[in-house]
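I have placed the structure first, in the form of structure tokens, so that the comments after it can refer back to it.
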Protein chains: 2
Amino acid sequence: MLKTPIASRPHDHSHCVHSALSEADALCARQGLRLTALRRRVLELVWQSHKPLGAYDILAVLSEQDGRRAAPPTVYRALDFLLENGLVHRISSLNAFIGCNHPEHAHQGQFLICRACHAAIELEQKSISDAIIASARDVGFVVEGQTVEVVGLCSGCQGA
Amino acid sequence: MLKTPIASRPHDHSHCVHSALSEADALCARQGLRLTALRRRVLELVWQSHKPLGAYDILAVLSEQDGRRAAPPTVYRALDFLLENGLVHRISSLNAFIGCNHPEHAHQGQFLICRACHAAIELEQKSISDAIIASARDVGFVVEGQTVEVVGLCSGCQGA
DNA sequence: CGAGAACGGGTAACATAATAACGTCTCTCA
DNA sequence: TGAGAGACGTTATTATGTTACCCGTTCTCG
């Protein structure tokens, strides 16, 4: 019955990052989008982190680690591009960003955020979004976008 | 089947505000909480607005209209109190606050936010929250808190 | 080719949101 | 009465996000 039982990412997931980047390359090429060096790097940073990353965290890495002269607009523009094209998601309850697990098709997932390890798991459960759409329709509201962010404990953190 | 088909509030809902304040008075009295003049005023402001209100909006009213000397902490402390005691909700996708429709019992609702008139409708649908809890359980995640914020068009704004 | 539009991105300043740290007053209650 | 707690004022600071402007590259089309 589970459509996509997406597990939390392994601790070392460099190959995941690599494949995500390749996928992004392909996707952008297909759609005539320009995944520039900066955008690609920001995507890589977001993907590398298993927990949602703030814009200013990214900014710090670009400045300190990459030596690139970066100011807020640099990061936000890259993030805007990645958001628009479904390569990352924004977690508004954290003011942070996370790589999208399914960039291949337009969607908006639900996010499970562990309050202990701060990792975020992306779900894409039709049952949730259908329940929301149905309840909204009952009061005459037409849904255009959903933000579902859940705080709790992931399986790995429940012992502690 | 609709448990609480909460309609959007009428344009003039001063009596709603009044009854909400009375309810808050009673609730705080019952629980030995101090609904001070400041806290009560902030609650009133939040309730008066049919759309979510930012902390700095509240701040502006307190300063300009009430003549009270207020700085951010003043407002945030009042909001913290109201949040803790379930009298208002925070809409994190808007960085804004809205009066709670059901302060009498602990809960966290779902919010339908109209992108045209910016009004917010609070739902409290078990079907939604159950769908979230079930999906989370499927990946071993224990839910402690939910943020469900939906953007779209309310019934009144769909013609335009 | 060459003018000009479109785009990416750097720079500065600003706007908004939230918190930290400290002081004072007042209320309560032992 | 006086010690402690709570509420709130005050100042400063941090965190997050946006605007306006400029410059160089690339793309496009006459």
Side-chain angles (χ1 to χ4, degrees), chain A residues 24-25 28-29 31-46 49 51-64 66-85 87-98 118 147 149, chain B residues 24-25 28-29 31-46 49 51-64 66-85 87-98 118 147 149:
Chain A
D25 286 330
C28 288
Q31 306 190 359
L33 301 171
R34 296 171 55 181
L35 189 59
T36 62
L38 174 63
R39 292 166 175 176
R40 201 170 188 281
R41 175 62 172 146
V42 170
L43 178 58
E44 181 184 23
L45 290 175
V46 171
S49 167
K51 62 180 197 180
L53 215 52
Y56 281 71
D57 297 331
I58 296 169
L59 190 53
V61 175
L62 290 182
S63 300
E64 295 162 19
D66 294 19
R68 177 191 279 268
R69 275 182 313 199
T74 300
V75 173
Y76 282 104
R77 279 189 293 238
L79 287 170
D80 285 344
F81 171 86
L82 298 171
L83 282 171
E84 273 167 22
N85 297 291
L87 294 167
V88 304
H89 291 288
R90 182 168 198 282
I91 311 285
S92 62
S93 61
L94 298 176
N95 290 331
F97 302 84
I98 189 166
H118 301 114
T147 297
E149 295 165 12
Chain B
D25 285 331
C28 288
Q31 307 189 358
L33 301 171
R34 296 172 57 182
L35 189 60
T36 62
L38 173 65
R39 291 167 175 175
R40 200 169 190 282
R41 175 62 171 147
V42 170
L43 179 58
E44 182 184 22
L45 290 175
V46 170
S49 167
K51 64 179 194 181
L53 215 52
Y56 281 71
D57 296 332
I58 296 169
L59 190 54
V61 175
L62 290 182
S63 299
E64 296 161 20
D66 294 18
R68 176 191 281 267
R69 275 182 312 201
T74 300
V75 172
Y76 281 104
R77 279 190 293 239
L79 287 170
D80 284 344
F81 171 86
L82 298 172
L83 282 172
E84 273 167 22
N85 297 291
L87 295 166
V88 304
H89 290 288
R90 181 169 197 282
I91 311 285
S92 63
S93 62
L94 299 176
N95 290 331
F97 301 85
I98 188 164
H118 300 114
T147 298
E149 296 165 11

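If you're wondering where the values come from, they're calculated on a predicted model, not measured in any experiment.
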Practice prompt. Quick one: pull up CG in B/Leu94 and CG in B/Leu53 and give me the separation to the nearest 0.5 Å.
Written response: 11.5 Å
Response to the item:
Heavy-atom nearest pair, B/Ser92 first then B/Glu149, reads N-OE2, 2.9 Å
Fill in: Interatomic distance, B/Arg40 CZ vs D/dA7 P [rounded to whole Å]
17 Å
Discussion item. Between P on D/dT10 and CG on B/Leu62, what's the gap in Å once rounded to a whole number?
Written reply: 13 Å
Practice prompt. Could you pick out which residue, B/Ala71 or A/Leu38, lies toward the 5' side of DNA chain C when each is mapped onto its nearest nucleotide?
Written response: A/Leu38
Worksheet item: Rounded to the nearest 0.5 Å, how far does OH of B/Tyr76 lie from CG of B/Leu59?
Response: 8.5 Å
Discussion item. Taking 4.0 Å as the cut-off, does a side-chain nitrogen or oxygen of A/Arg69 come that near to OP1 or OP2 on C/dG9?
Written reply: no
Item to complete: Rounded to the nearest angstrom, tell me the gap between atom CG in A/Leu35 and atom C1' in C/dG9.
Response: 15 Å
Using a cut-off of under 3.5 Å, enumerate the N/O to N/O pairs linking the protein to nucleotides 26-30 of chain C.
none

Worksheet item: Which letter, B, S or -, goes with each nucleotide of nucleotides 13-21 of chain D from 5' to 3', with contact meaning a protein heavy atom under 4.0 Å?
Response: ---BBBB--
Response to the item:
Whole-Å distance, B/Ile58 CD1 to D/dC8 C1', equals 16 Å
Fill in: Residue pair B/Asp57 / B/Val61, side-chain heavy-atom distance below 4.5 Å
no
Fill in: Distance, rounded to the nearest Å, where A/Asp66 contributes CG and C/dG10 contributes C1'
16 Å
Discussion item. Quick one, B/Arg39 and B/Leu43 - any side-chain contact, counting heavy atoms below 4.5 Å?
Written reply: no
Worksheet item: Is there a side-chain contact between A/Val46 and A/Leu87 (heavy atoms, below 4.5 Å)?
Response: no
Discussion item. Please tell me if B/Thr74 has a side-chain N or O lying less than 4.0 Å from either OP1 or OP2 of D/dG9.
Written reply: yes
Discussion item. Please pick, from C/dG9, D/dC8, D/dT10, the nucleotide with the shortest atom-to-atom distance to any side-chain atom of B/Arg68.
Written reply: D/dC8
Discussion item. Using 0.5 Å steps for rounding, measure from the CZ atom of A/Phe81 to the CG atom of A/Leu33.
Written reply: 5.0 Å
Practice prompt. Round to the nearest Å and state the distance from B/Leu59 atom CG to C/dT19 atom C1'.
Written response: 14 Å
Discussion item. To the closest 0.5 Å, what do you measure between CD1 (B/Ile58) and CZ (B/Arg41)?
Written reply: 10.5 Å
Practice prompt. Look up atom CD in A/Gln31 and atom CG in A/Asn85, then write down how far apart they are to the nearest 0.5 Å.
Written response: 6.5 Å
